[in-house]
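A, B, ... follow the sequence lines: proteins, then strands. Residue 1 opens every chain. Worth saying up front: this structure is predicted, and the values here are computed from it rather than measured.
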Amino acid sequence: MFASPARHLHLYLSASLLMLAVQARAADGEAIIQKGGANPAAMPCMSCHGADGKGMAAGGFPRLAGLPAAYIAKQLADFKAGRRENPLMQPIAQALDDAETAAVAMAYAALPKVQVKVMAGAPERPKEGSGAWLALRGAWDRNIPECTLCHGPAGVGVGDAFPPLAGQSAEYIEAQLRAWRASPARPAGRKGKALAAVPPTRRNDPNGLMQHIAADLSEAEIKAVAAYFAGLGESTEPFDASQHRLR
Amino acid sequence: MPTTFRRLTAVLLPLLAVHAMAADSTRLDDQTQLPKAPARPAGKAYFQPPAEADIPNNAYGELVRRGQDLFMNTKALAPEYVGNEMNCVNCHIDRGRKANSAPLWAAYTMYPAYRKKNNKVNTFVERMQGCFQFSMNGKAPAADSEVLAALTAYAYWMSAGVPIGKVQPGRGFDEPPPPRGGYDIARGQRVYEKQCALCHGDDGAGRKVGATSVFPPLWGKDSYNWGAGMHRINTAAGFIQHNMPLGRGETLSDQEAWDVAAYINAHERPQDPRLVNGDIDETRKRYHADDGVNLYGVVVDGRKLGQGVK
């Protein structure tokens, strides 16, 4: 009855943990990470996503360690269906069967989550126009909420639908923002020949919550905000859930 | 107990109760609706509050910054006054700066406000105390407390340049007119499931990361109570249409905004602290019958709303 993509996503996310657990039993997630899937096109994940699952900045390979299982499974389904385009990942996602997808998602989710230190006491005071400003204050004159309002305090992620930004490299964050943003057509002029519009290559965000944000960011803002989240680094201290994280 | 004494207490107790209420009533009845603000003239921008970078680096600036911190992290920094999991900024978006989200710059210069209905004058501090008691389901800090001094300083700083007593476009929540065919709770549920549940949850309880509330609760024990302005469907419809889904305000129709506001406000939440003699009907008559469109004391799906949850 409520057959919208978002409703599907919501049902999918809430039912998915159980489903993943049931399906995953048939395959060995660890083995897929290290040796690849049954289909040789499903190459070993660790060759790109790193031996510890923390990604490799230079290649634009994201961290998968500690991401929610439902989020990983959704991304693999999106690559498979072409809602998220990428020449490296699409063939891999297509080569994984349902049980393998579920198993590898569970295996990565079980690895350690990113840890970001709590600034004890005082909140951060970002400078207007900086990456930190976008992350903590947003740009409400363009209807852009602060990134941390959806991606969680210090970008640690919220639930299954809002992935962490902390722990990802600047290269990867920039690439995703550009994938959503696409580029508008440009008429011929002094700067060169006319350019056709490039449609977004990532079209998988629920209810378009992320797309309009990326579309309204300037190139300089994309670089600044990506550098901010990449710069949060990783703390060796465990996440203290009893402490408030100030806005 | 001697009969005379019993008779005396029977006479005195209600009197005392009425007296106690009267003493407290300046605080307890001030979440009433704001008058409608004028529309923004075509081509003109809303008032632009000063930039955060312009807060001076002196004792005054410190107080202003403290006010902003409290406004955004009310639960963490003033837990003794907050009875739920809300922060001021949850309903006053962008640190109280966003037009049509009851911004502070449109509020500060409108007080003290005279209300003809009850021949009373409300101060700015009392209005904020109202938000503590109802929106935050908590306890109002004293008028001369550090918390209210800081919040007042923050609102004062943000209002630099707004003429005193002149109502600004963007004040309040700019409610959409009631839809012609009325609102529909079942239709509102469908809007909710499609557009809101992802963040606020199927159970309306919102979402936390550790101790920190990220997506605020819309109903249940950790949300605003039955006396809060947001419990009015018309007020919530205005907030929602301009500000929700987060970052995608102005996308719901008047009808959708009213329907989903009705759905949210057809759920139980903490009791109205003004509850009269433990009686929902009496409380409705006294405080809700004449307060916009609301479902307190109304029977929905065979259940009388207004029971309260703890």
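- Contacts between B:Gln48 and chain A at a heavy-atom distance below 4.5 Å are absent for every atom of the residue.
- Atom-to-atom distance recorded for A:Ile144:CD1 and B:Leu246:CG is 12.0 Å, nearest 0.5 angstrom.
- Between chain A and the residues B:Ile93, B:Asp94, B:Leu77, the most heavy-atom pairs under 4.5 angstrom are made by B:Asp94.
- Minimum heavy-atom separation, A:Gly157 to B:Val209: O-CG2, 3.8 Å.
- Proximity of B:Pro245 to A:Asn207: side-chain heavy atoms (C-beta onward) are nowhere separated by under 4.5 Å.
- Taking CZ from B:Arg97 and CG from A:Asp141, the interatomic distance works out to 10.0 Å, rounded to the nearest 0.5 Å.
- Between the CD1 atom in A:Ile213 and the CZ atom in B:Arg248 there is a gap of 10.0 Å [rounded to 0.5 Å].
- The neighbour count for B:Asn58 CG, taken as heavy atoms of other residues, nucleotides or ligands under 6.0 Å away, is above 12.
- The two atoms that bring A:Gln243 and B:Thr212 nearest to each other are O-OG1, 4.0 Å, heavy atoms only.
- Heavy atoms from other residues, nucleotides or ligands lying under 6.0 Å from OH of B:Tyr156 number 12 at most.
- A donor-acceptor pair under 3.5 Å is absent between the side-chain atoms of A:His244 and the main chain of B:Lys75, judged by distance alone.
- For the set A:Arg137, A:Arg245, A:Glu146, the entry with the most heavy-atom pairs within less than 4.5 Å of chain B is A:Arg137.
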Practice prompt. Begin with the C-alpha distance, continue with both residues' side-chain angles, and end with the deciding distance and a verdict on side chain to side chain contact (heavy atoms under 4.5 Å, CB included) for A:Arg247 and B:Val214.
Written response: CA-CA 10 Å; A:Arg247 280 168 80 172; B:Val214 180; over 6 Å; no

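- When the candidates B:Ala51, B:Ser213, B:Ala211, B:Gly210 are compared by the number of heavy-atom contacts under 4.5 Å with chain A, B:Ala211 comes out ahead.
- Contact check for A:Phe162 versus B:Arg207: no side-chain heavy atoms found under the 4.5 Å cut-off.
- Residue-environment remark: NZ (A:Lys80) exceeds the threshold of 12 foreign heavy atoms within 6.0 Å.
- Residue-environment remark: NZ (A:Lys113) stays at or below the threshold of 12 foreign heavy atoms within 6.0 Å.
- Neither the backbone nor the side chain of B:Tyr46 comes within less than 4.5 Å of any heavy atom of chain A.
- For A:Leu149, the parts sitting under 4.5 Å from any heavy atom of chain B are the backbone and the side chain alike.
- Taking CG of B:Asn87 as the start and CG of A:Leu246 as the end, the distance is 10.0 Å to the nearest 0.5 Å.
- Checked for salt-bridge contact, A:Arg125 and B:Asp69 meet the test: a charged N lies under 4.0 Å from a carboxylate O.
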